[in-house]
Amino acid sequence: MATVKQEELPLVLVRRPPNFHFPFKDRLQTHFRLLDPLDSDPPESTHSFFSRHAASVHVLLCVNPTPVTRGLLSLLPFLQLIVGSSTGVDHIDLQECRRRSIAVTNAGKAFSPDVADLAVGLLIDVLRRVSAGCQYVRAGLWAQNGEFPLGFKLGGKRVGIVGLGSIGAEIAKRLEPFGCSISYNSRRKKPSVPFPWFKNVYDLAVNNDVLIVCCTLTEESRHIISKDVMTALGKEGVIINVGRGALIDEKELVQLLVRGELRGAGLDVF
Ligand SMILES: NC(=O)C1=CN([C@@H]2O[C@H](COP(=O)(O)OP(=O)(O)OC[C@H]3O[C@@H](n4cnc5c(N)ncnc54)[C@H](O)[C@@H]3O)[C@@H](O)[C@H]2O)C=CC1
Ligand SMILES: O=CC(=O)O
């Protein structure tokens, strides 16, 4: 079989965070010529590197949710495709991509089962106080203050899922056998879903013990979990967020937790 020379492979520009391990780089390099500013020697800024290669670049690989802003896109006038390695694409200026007819792909459902496992793990952790109990013992407080307060069972909890997409559906599938009752909020009722639908998150919160947040982050959903929603969930309520940090008004979340107006939160996001 004839070997293809590196310079004949299709060019792909890479956007990635400096401290991120790039595990699939070797495999990609057998099919594509990767242009990565972080490999440049001597070091070169992203701006100067992108500008230097602008004329020849049609594809950008965005590893992890590294911002792809309008300013960055303006450096690449011939760009046709952005390949995102994450599921969420809120870090990419989609409006500008739409305007310029740049196609954007994401990781689809690749991570959904693992994120759902983690959401359930976080929920059990918060309810049963696994991490909190561990910290209590490690800090020597068991000996000093005595027994740690009891946790709460998962069985029988009413769980409201905010965004019943790929991850949300996997979470529901895992929680039903625990004896939880599931309901959800999304922009529209999903005809094939058997769970009760709430038109807004406030009503979802009023009617549940737990909120699991896993919807897409957009301008519409930013701070969808507001102070009012969290207050409606009540002081025995628990929030799990595996979507994006900005889906919750995090300052208010911290205040409510500190004041004991919410039982707990499990976060896989900042
Ligand atoms: N923690 C992690 O490691 C990961 C987090 N994610 C995050 O999870 C999000 C969801 O992922 P998938 O379930 O795969 O996406 P999906 O597209 O299958 O589902 C998203 C759901 O959010 C709903 N939604 C959108 N806007 C809404 C709004 N304003 N109000 C209520 N619901 C709304 C949609 O109707 C849809 O059902 C991603 O966008 C990403 O931010 C994704 C993968 C890994
Ligand atoms: O947060 C991770 C993603 O794939 O989105």
Side-chain angles (χ1 to χ4, degrees), residues 15-17 19-24 61-68 82-95 97 104-126 159-175 182-208 210-226 228-230 232-233 239-250 253 265-270:
R15 172 108 176 107
R16 69 179 167 105
N19 51 0
F20 181 73
H21 174 52
F22 191 179
F24 47 98
L61 169 67
C62 183
V63 183
N64 256 21
T66 321
V68 178
I82 300 176
V83 178
S85 76
S86 56
T87 300
V89 286
D90 49 282
H91 55 294
I92 299 174
D93 189 329
L94 295 178
Q95 208 181 347
C97 290
V104 178
T105 70
N106 72 347
K109 299 178 177 182
F111 311 127
S112 303
D114 305 281
V115 182
D117 287 350
L118 184 60
V120 174
L122 287 171
L123 179 55
I124 295 174
D125 184 5
V126 174
V159 178
I161 298 180
V162 182
L164 196 75
S166 173
I167 294 172
E170 290 285 339
I171 293 171
K173 194 163 87 184
R174 283 157 178 71
L175 287 180
I182 309 291
S183 55
Y184 73 103
N185 159 257
S186 59
R187 287 161 300 175
R188 281 172 291 282
K189 185 170 164 46
K190 296 178 190 276
S192 58
V193 167
F195 312 122
W197 172 70
F198 286 91
K199 201 172 172 183
N200 60 64
V201 276
Y202 184 88
D203 290 342
L204 187 75
V206 168
N207 287 282
N208 279 287
V210 173
L211 286 184
I212 301 190
V213 188
C214 50
C215 70
T216 322
L217 175 63
T218 61
E219 275 320 305
E220 189 196 346
S221 63
R222 187 173 298 274
H223 285 194
I224 190 169
I225 309 301
S226 61
D228 284 353
V229 170
M230 292 185 271
L233 188 62
I239 296 185
I240 304 298
N241 186 3
V242 292
R244 285 287 183 267
L247 291 166
I248 301 185
D249 185 337
E250 290 180 300
L253 172 68
L267 311 175
D268 184 39
V269 292
F270 294 101

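Nothing here was measured: the structure is a model prediction, and the numbers come from that model. Atoms within a ligand are numbered from 1 in the order they appear, just like the ligands themselves.
Closest to atom 3 (C) of ligand 2, if we only count protein heavy atoms, is Thr87 N, 3.3 Å. For atom 1 (O) of ligand 2, the closest heavy atom belonging to the protein is Arg244 NH1, 2.9 Å. Given atom 31 (C) of ligand 1, the protein heavy atom at minimum distance is Asn185 OD1, 3.4 Å. Summary of contacts: the protein heavy atom closest to atom 18 (O) of ligand 1 is Ser166 N, 2.8 Å. Ranking the protein heavy atoms by distance from atom 7 (C) of ligand 1 puts Gly243 O, 3.5 Å first. Of the protein's non-hydrogen atoms, Cys215 CB, 3.7 Å is the one closest to atom 33 (C) of ligand 1. Among protein heavy atoms, atom 28 (C) of ligand 1 sits closest to Arg187 CG, 3.8 Å. Nearest protein heavy-atom contact of atom 10 (C) of ligand 1 is Cys214 O, 3.4 Å. Residue, atom and distance of the protein heavy atom nearest to atom 14 (O) of ligand 1 are Thr87 CG2, 3.4 Å. In terms of protein heavy-atom proximity, atom 44 (C) of ligand 1 is closest to Val115 CG2, 3.3 Å.
Here's the thing with Asp268: one of its N/O atoms is less than 3.5 angstrom from an N/O atom of ligand 1. Considering backbone and side-chain atoms alike, Arg244 places an N or O below 3.5 Å from some N or O of ligand 1. Taking only nitrogen or oxygen atoms, main chain and side chain alike, Gly168 does not reach within less than 3.5 Å of ligand 1. Among the atoms of Ser221, none of the N or O lies under 3.5 angstrom from an N or O of ligand 1. The N/O atoms of Val242, backbone and side chain alike, include one that comes under 3.5 Å of an N/O atom in ligand 1. Here's the thing with Gly165: one of its N/O atoms is less than 3.5 angstrom from an N/O atom of ligand 1. Distances between N or O atoms of Ser86 and those of ligand 2 include no value under 3.5 Å.
When each atom of ligand 2 is checked for a heavy atom of Phe111 under 4.0 Å away, the hits are 4 (O). Less than 4.0 angstrom separates some heavy atom of Glu220 from each of these atoms of ligand 1: 29 (N). In the vicinity of Leu164, heavy-atom distances shorter than 4.0 Å reach the ligand 1 atoms 37 (O). Here is the list of ligand 2 atoms found below 4.0 Å of a heavy atom in Gly88: 3 (C), 5 (O).
In terms of modelled atom types and a separation under 3.5 Å, the side chain of Asn106 and the main chain of Ser86 share no donor-acceptor contact.
Ligand 1 lies less than 4.0 angstrom from a heavy atom belonging to Ile224.
Residue contacts with ligand 1, taken as heavy atom pairs separated by less than 4.0 Å, do not involve Ala107 at all. Contacts of Thr216 with ligand 1, taken as heavy-atom pairs under 4.0 Å, involve both backbone and side chain. The part of Lys190 lying near ligand 1 is the side chain, judged by heavy-atom distances below 4.0 Å. At a 4.0 Å heavy-atom cut-off, ligand 1 touches Ile167 through backbone and side chain alike.
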